[in-house]
Trainee: 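Below is one structure. I have some questions about it.
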Amino acid sequence: KREVIFEPFVQLDRSLSQTIEGLGLGLAISRDLARGMLGDLAVEGRDGGGARFVLTLPRGTADPGATMLRSDELAAERAQRV
């Protein structure tokens, strides 16, 4: 259901046993914020089920042609600095 996961008010698991409440706005707002910063938020399927969300933002400048870093690359870069 990747085509609808970022749409406002979409909740994928609405089973009767689910006790978590929400409006289904978190992913839509997060993607809009990322795009507002010239980046993006995407979802990737994982082998065996589940999903991985990847945040991509420009590096150090608001220039649309700037080099983009994925969230996992940014975490690895930060770990190397420590």
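As a basis for the values below, the full set of heavy atoms in this structure was taken, side chains included, without hydrogen atoms, waters or symmetry mates. What you are looking at is a predicted structure, and each value in this text was computed from that prediction instead of being measured.
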Trainee: Mind listing the closest non-hydrogen atom pair of S30 and L41 along with its distance?
Mentor: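 So the two residues come closest at CB-CD2, 3.7 Å.
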
Trainee: Check the hydrophobic clustering (I, L, V, M, F, W, Y; side-chain heavy atoms under 4.5 Å; chains of links allowed) and say if V54 and L33 are grouped together.
Mentor: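 No, it is not one cluster - the side chains of V54 and L33 are not joined through contacts under 4.5 Å.
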
Trainee: Under 4.0 Å between a side-chain nitrogen and a carboxylate oxygen: does that hold for R35 and D40?
Mentor: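 Yes.
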
Trainee: Heavy atoms only: give me the nearest L55-A34 pair and the separation to one decimal.
Mentor: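 For L55 and A34, the tightest heavy-atom pair comes out as CD1-CB, 3.6 Å.
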
